[in-house]
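Note sheet for the following structure.
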Amino acid sequence: VGKTFSEKILARKAGKAEVVPGEIVEIEPDIIMSHDNSAAISGTFKKMGATKVKYPERLVFILDHCIPAASEKHALNHKIIREFVKEYGIPNFYDINAGICHQVLPEKGHVVPGTVVLGSDSHTTTHGGFGAFAAGIGRTEAASIWALGSLWLRVPETMRVVVDGFFTEAVSAKDLALKLIGDIGADGGLYRAVEFAGDGIEASSIGDRMTLCNLMAEAGAKNGYCYADDKTRDWLSKAGVFEYEEIESDCDCDYAAEYRYDLTMMKPVVACPHNVDNVKDADSLEDIRIDQFMLGTCTNGRLEDIAIAAKILKGKKIAEGTRMVVYAASHEVFRAAMKAGYFETLSEAGAVIMNPGCGPCMGNHGGVLAPGEKCLSTANRNFKGRMGCKEAEVFLGSPATIAASAITGRITDPREFLKGGK
């Protein structure tokens with residue numbers, strides 16, 4: 001029986017000829033990422049009695065969850081991180097002018113195919129879109145890696161998702177990811193690796209792949225991944241990365257499960273409150289009025305996401321009595337969107353353009369909700385209180401769905417505003 005992508009990478013990192021699902025291995029990750037929670041991790045690091053970071057060059061700190069600081073508490077948190085960076089000589093530190101960690105990490109060349117990327121954020125799975133083994137870990141685990149350089153991992157079994165057809169402006173990677181989670185449940189990928197393959201993935205953009213892998217955290221997956229190809233190599237070359245080993249599963253792998261999707265048969269979908277697996281077709285929800293629209297986050301804050309929203313909203317206005325906030329995933333994306341005129345279009349439509357960061361995604365600042373309000377967001381989570389208020393409701397959809405709905409003020413199938421219609 002052949003070996004999967006994850007089994008190959010973890011075997012190599014553990015110095016073994018082979019490993020099997022369920023086996024516990026100790027490995028040294030290539031990158032350990034953390035964000036605003038680096039302050040809490042540094043406290044645990046010191047409580048452990050650690051006095052030295054074993055591999056400071058492997059640590060990447062990126063401030064993104066509440067930037068600029070929205071309160072004295074947040075400001076102190078950032079100060080602690082900046083002081084730790086200086087004290088322990090952490091070379092890879094990105095302050096409030098970089099963007100969201102999962103976008104900045106690959107932009108700055110820290111994500112490489114065939115490597116292990118661990119991060120103290122569940123959506124570290126995003127980086128599997130570049131052919132890396134990428135997984136989220138807890139803060140205590142992160143602190144121990146800072147001190148010791150290694151961590152144990154359980155080798156995951158793998159489920160395979162084969163995608164036929166091609167993504168369109170109306171049916172995107174976000175729709176496929178939500179549809180998959182709706183089908184298998186929020187625990188359907190629990191501690192499994194999710195492999196994406198097929199013509200649809202080969203034709204997909206890097207942004208599509210990042211979105212798919214990002215959302216696998218919402219199915220409980222340990223990691224999600226797509227194989228590296230010419231698109232990956234092009235991205236990496238622009239980030240100054242040229243040396244790496246691409247890894248693929250053997251053709252005779254033993255997968256735990258396999259799913260197949262035909263994109264030509266799919267509709268735009270929305271995840272309804274208060275679970276990501278509560279997925280329904282967008283055109284069945286068109287009587288639901290929305291108060292706030294949010295475009296951005298680590299899931300859908302890339303240039304292509306902003307572009308499709310600008311295309312739909314060009315020459316139009318967001319519905320009276322509603323509001324829309326836009327968060328680019330990074331300053332690099334922000335500048336590109338400015339140059340392309342997308343922000344001007346969105347601003348003229350009535351949207352508020354915010355600085356790159358996580359913003360209200362997890363209820364910190366810049367668009368939190370009030371009791372009784374409904375938000376349609378491109379984010380990845382919609383449980384109670386996620387956007388700062390337990391009495392509010394959060395719906396999740398694609399950038400196209402958010403833009404179309406902003407025009408009508410209610411959940412709307414984006415095909416109404418795109419060539420070809422429904």
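All values below were derived from every heavy atom in this structure, side-chain atoms included, with hydrogens, water molecules and symmetry-related copies excluded.
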Is the shortest heavy-atom distance from the side chain of [X] to the side chain of [Y] under 4.5 Å?
{"X": "I31", "Y": "H127", "answer": "no"}
{"X": "W235", "Y": "F130", "answer": "yes"}
{"X": "V194", "Y": "T158", "answer": "no"}

> Using the ring of each side chain (for Trp, its six-membered ring), is F61 parallel, tilted or perpendicular to F84, with breaks at 30° and 60°?
Replying inline: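 Ring orientation, 0 to 90° scale: tilted.
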For the side chain of [X] and the backbone of [Y], is there at least one donor-acceptor N/O pair under 3.5 Å apart?
{"X": "N380", "Y": "L215", "value": "no"}
{"X": "S405", "Y": "T412", "value": "yes"}
{"X": "S205", "Y": "D208", "value": "yes"}
{"X": "K179", "Y": "V279", "value": "no"}
{"X": "N275", "Y": "N382", "value": "no"}
{"X": "Y94", "Y": "L105", "value": "no"}
{"X": "E373", "Y": "Q292", "value": "no"}
{"X": "K231", "Y": "S204", "value": "yes"}
{"X": "K317", "Y": "E348", "value": "yes"}

Would you call [X]-[Y] a salt bridge at under 4.0 Å N-O?
{"X": "D291", "Y": "R289", "answer": "yes"}
{"X": "E393", "Y": "K384", "answer": "no"}
{"X": "R410", "Y": "D287", "answer": "no"}
{"X": "D95", "Y": "R82", "answer": "yes"}

Would you name the heavy atoms of [X] and [Y] that are closest together and state the gap between them?
{"X": "V269", "Y": "L178", "value": "CG2-CB, 3.8 Å"}
{"X": "Y88", "Y": "T51", "value": "CE2-O, 3.5 Å"}
{"X": "S172", "Y": "S398", "value": "OG-CB, 3.5 Å"}
{"X": "Y259", "Y": "Y261", "value": "CB-CE1, 4.0 Å"}
{"X": "P156", "Y": "Y191", "value": "CB-O, 3.3 Å"}
{"X": "S120", "Y": "S34", "value": "OG-CB, 3.1 Å"}

Does [X], at its [atom1] atom, have more than 12 non-hydrogen atoms belonging to other residues, nucleotides or ligands within less than 6.0 Å?
{"X": "E320", "atom1": "CD", "value": "no"}
{"X": "K46", "atom1": "NZ", "value": "yes"}
{"X": "E344", "atom1": "CD", "value": "no"}

> Going by atom types only, do D121 and H102 share a side-chain donor-acceptor pair under 3.5 Å?
Replying inline: yes
> Are side-chain N/O atoms of S330 and E107 paired as donor and acceptor at under 3.5 Å?
Replying inline: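 Side-chain D/A pair, S330 to E107: present.
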